[in-house]
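Here is the structure we will look at, set down as structure tokens.
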Amino acid sequence: MTTRAQESHEEPPGRPEGYATHDVTNQPPPLAPYDACEDMALLEGVRREGAGWAEEELRRLGLRAGSVQAQEWGELANRHEPVLRTHDRYGNRIDEVEYHPSWHHLMRAAVGEGLAGSAWADDRPGAHVARTAGGLVWGHTEAGHGCPTSMTYAAVPALRAEPELAKVYEPLLTSREYEPGLRTPTGKRGLLAGMGMTEKQGGSDVRTNTTAATPTAESGVYTLRGHKWFTSAPMCDVFLVLAQAPGGLSCFLVPRVLPDGTRNTFRVQRLKDKLGNRSNASSEPEFDGTVAWLVGPEGQGVKTIIEMVNCTRLDCVMASATLMRKTLVEAGHHVRHRSAFGARLIDQPLMRNVLADLALESEAATTLTLRLAGAADRAVRGDAGEAAFRRIATAVGKYWVTKRGPAFTAEALECLGGNGYVEESGMPRHYREAPLLSIWEGSGNVNALDVLRAIGRSPATAHALFDELALARGADPRLDAAVARLERGLSEASETGARRLVELMALTLQASLLVRHAPPAVADAFCASRLGGDWGHAFGTLPAGADLGAVLARALPPEDRSACARKLP
């Protein structure tokens with residue numbers, strides 16, 4: 001039975017005219033479109049490290065990365081995860097992975113923008129810095145597709161250990177053409193490279209690998225038999241893998257398709273069901289009579305592939321810094337538009353402290369990333385001092401910046417409150433992504449111990465680090481005191497205290513860069529909190545004297561700066 005009010009669609013008695021329960025108020029508008037390149041620390045670092053010539057392209061890329069379309073690609077590529085097809089309809093083994101079209105859109109853009117191997121074909125000083133900066137910008141879309149582009153970039157210097165192979169494959173690995181699908185490598189316009197080191201019994205202890213490499217009658221050609229535990233992006237064209245040859249652990253090039261067009265044996269047993277990075281397929285491939293070409297001398301596999309690892313470790317730092325910046329932008333956008341307790345969140349003193357603390361961490365991570373990229377660029381061009389600095393500082397940065405990522409992302413998510421906890425916000429995806437960068441290419445312990453190993457084997461690396469720190473000597477007493485503590489700690493270095501020592505290395509290095517290159521408000525707040533002890537155990541505990549408005553005005557996009565710069569009592 002219906003009432004008269006229902007029949008005539010009148011408002012029931014006592015209900016305010018025009019009232020609707022689904023009216024949405026006090027919610028921010030969508031962030032996209034936005035400029036992912038609008039970051040002072042990024043642009044200043046690019047100029048400082050010798051890639052100012054790339055700024056126009058970076059700005060164009062920033063608008064593309066922050067576009068509605070590119071942001072949607074990232075969301076769709078993670079919602080529609082890759083699917084393994086071991087056999088075709090007739091029962092033939094194919095071992096292929098199907099991706100959503102959005103994955104291919106992201107990959108085509110990344111490769112076309114020079115974020116894979118093309119920097120190695122660019123003779124301009126700063127080419128590797130430009131490529132890293134591009135990753136810091138394009139990474140605002142999503143992280144998973146950064147894995148194959150990173151491995152492709154990193155494969156080039158390792159492959160150069162075998163000049164004849166490099167002559168064939170390097171022009172294709174440095175191409176800006178993305179051509180998916182398994183075909184004869186030399187018949188494609190561009191290639192992607194992957195890496196297979198870890199096995200289930202060893203993990204980072206790759207010297208315990210059991211995959212066996214048997215020489216054939218053809219010089220330099222082997223067959224492999226074994227099972228890799230974690231090989232990402234199995235649809236790459238070629239892979240650098242480690243296996244036990246008669247002369248010891250060695251590096252090999254394994255193509256998915258052989259030169260005669262037949263499929264190499266690369267049986268994908270399953271795809272990993274991962275915490276994050278879900279747009280990117282990670283697999284367990286089995287080798288059984290798999291054809292491979294030796295790269296570098298037998299028994300020198302770790303030494304050969306470490307060139308690849310040095311590059312991918314830098315990309316781990318880059319990806320963590322990108323994730324920090326992306327979630328900071330999301331948090332800043334939210335608090336500018338959201339109100340609570342009678343004021344906008346951006347005007348709440350404690351929220352400003354939280355956001356400013358995150359901004360300091362983000363700027364320090366970005367600045368260090370670009371300094372590492374500059375060292376890599378100059379090392380490639382023959383600068384021995386920069387090579388020594390790169391050797392130790394990349395491991396230091398890999399340890400510390402990737403460790404800070406999960407805590408940072410969790411705090412940025414909390415700035416959005418319950419809105420950030422739902423999948424539609426994108427923040428849960430970023431949060432799940434954050435721990436990966438510390439695990440990939442050696443966990444925290446592996447990288448901390450690698451720093452000690454570098455110092456022990458080559459004292460020049462420690463000298464290079466202290467030479468860098470000396471450039472800021474006298475600029476801030478808290479930094480000077482921390483460097484003195486570091487010198488004392490280095491003389492007493494032990495495995496037990498490796499994490500503590502490397503943490504201090506990272507903080508002094510970041511502080512020295514900020515003291516030299518950032519505005520005084522940023523450098524002072526960083527040194528007071530990270531080195532001076534005037535800090536709590538969570539983000540949002542900056543000291544009372546910190547100029548929060550100046551820090552925030554520098555860190556956030558232009559539309560947020562006027563709000564952030566206001567002084568509050």
Side-chain angles (χ1 to χ4, degrees), residues 35-65 109-140 146 149-150 152-157 160 170-171 173-176 307-308 310-319 321-322 325 363-391 393-394 397-398 401 464 467-468 471 509-510 512-514 516-518:
D35 185 355
C37 189
E38 189 59 56
D39 179 357
M40 290 185 179
L42 167 70
L43 294 172
E44 291 171 7
V46 166
R47 298 169 196 144
R48 187 169 58 245
E49 297 299 337
W53 50 264
E55 185 171 335
E56 184 177 343
E57 285 299 296
L58 286 171
R59 289 184 178 275
R60 180 189 56 75
L61 183 60
L63 294 174
R64 189 179 186 188
V111 174
E113 296 286 355
L115 305 185
S118 65
W120 297 104
D122 191 336
D123 293 331
R124 289 176 293 182
H128 296 271
V129 177
R131 184 240 168 212
T132 297
L136 287 165
V137 172
W138 184 249
H140 279 237
T149 57
S150 177
T152 301
Y153 169 71
V156 173
R160 288 176 175 176
E170 185 171 328
L173 292 170
T174 58
S175 167
R176 291 193 178 213
E307 287 299 320
M308 189 173 190
N310 284 336
C311 293
T312 50
R313 282 183 175 175
L314 170 58
D315 279 6
C316 286
V317 184
M318 175 190 76
T322 304
R325 179 64 189 173
E363 176 152 353
T366 297
T367 303
L368 177 56
T369 298
L370 291 168
R371 175 65 184 94
L372 296 177
D377 192 89
R378 290 181 280 276
V380 167
R381 301 175 199 284
D383 189 322
E386 287 290 85
F389 174 76
R390 174 201 183 201
R391 172 67 184 90
T394 300
K398 165 67 168 72
V401 176
D467 287 346
E468 180 78 14
L471 297 175
L509 181 54
Q510 287 181 323
S512 72
L513 291 168
L514 295 180
R516 288 153 52 199
H517 305 303

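Side-chain contact check for V380 versus H128: some heavy-atom pair is nearer than 4.5 Å. Residues E468 and R516 form a side-chain contact, since some pair of their non-hydrogen atoms from C-beta on lies under 4.5 Å apart. Between M40 and E363 there is no side-chain heavy-atom pair separated by less than 4.5 Å. L61 places none of its side-chain heavy atoms less than 4.5 Å from the side chain of C37. Contact check for E44 versus R47: side-chain heavy atoms found under the 4.5 Å cut-off. Counting heavy atoms from C-beta outward, R390 and L314 have side chains that stay 4.5 Å or more apart. Contact of the L43 side chain with the R59 side chain is registered, since non-hydrogen atoms from C-beta on lie closer than 4.5 Å.
A donor-acceptor pair under 3.5 Å is formed between the side chain of W53 and the backbone N or O of P125. In terms of modelled atom types and a separation under 3.5 Å, the side chain of R131 and the main chain of E113 share no donor-acceptor contact. When atom types are taken as modelled, the side chain of T149 and the backbone of G146 share a donor-acceptor pair closer than 3.5 angstrom. Within the 3.5 Å criterion, the main-chain N or O of L509 finds a donor-acceptor partner in the side chain of S512. W120 contributes a side-chain N or O that, together with a main-chain N or O of Y153, makes up a donor-acceptor pair within less than 3.5 Å.
Screening T367, L370, L513 for a side chain to side chain contact (heavy atoms under 4.5 Å, CB included) with R48, the sole residue that qualifies is T367. Checking each of V46, L42, D39 against L58 for a side chain to side chain contact (heavy atoms under 4.5 Å, CB included) leaves exactly one that passes, namely V46.
Residues A321 and T369 come closest through the heavy atom pair CB-OG1, 3.6 Å. Here the closest heavy-atom approach between residue A365 and residue V401 is recorded as CB-CG1, 3.9 Å. Counting all heavy atoms, side chain and backbone alike, G397 lies closest to L368 at CA-CD2, 4.0 Å. Closest approach of A154 to P157, counting heavy atoms only: O-CD, 3.2 Å. Residues T152 and G117 come closest through the heavy atom pair CG2-N, 4.2 Å. Of all heavy-atom pairs spanning W138 and A109, the tightest one is CZ2-CB, 3.5 Å.
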Exercise for the section: Could you give me the CA-CA distance, side-chain angles and deciding distance for T394 and N310, then say whether side-chain contact (heavy atoms from CB on, under 4.5 Å) is met? Expected result: CA-CA 7 Å; T394 300; N310 284 336; 5.8 Å; no
Exercise for the section: Run the numbers on R160 and E307 for salt bridge (Lys or Arg N to Asp or Glu O under 4.0 Å), then give the verdict. Expected result: CA-CA 10 Å; R160 288 176 175 176; E307 287 299 320; over 6 Å; no
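Between atom CZ of residue R371 and atom OG1 of residue T366 there is a gap of 15.5 Å, rounded to the nearest 0.5 Å. We find the OG1-CE distance between T312 and M318 to be 11.0 Å, quoted to the nearest 0.5 Å.
The ring pair (Phe, Tyr, Trp, His ring centres under 6.0 Å) test applied to F389 returns no partner, not counting sequence neighbours.
The pair R124-D377 fails the salt-bridge criterion, with no side-chain N (NZ, NE, NH1 or NH2) lying under 4.0 Å from an Asp/Glu carboxylate O. R60 and E57 are joined by a salt bridge, as a carboxylate oxygen and a charged side-chain nitrogen come within less than 4.0 angstrom of each other.
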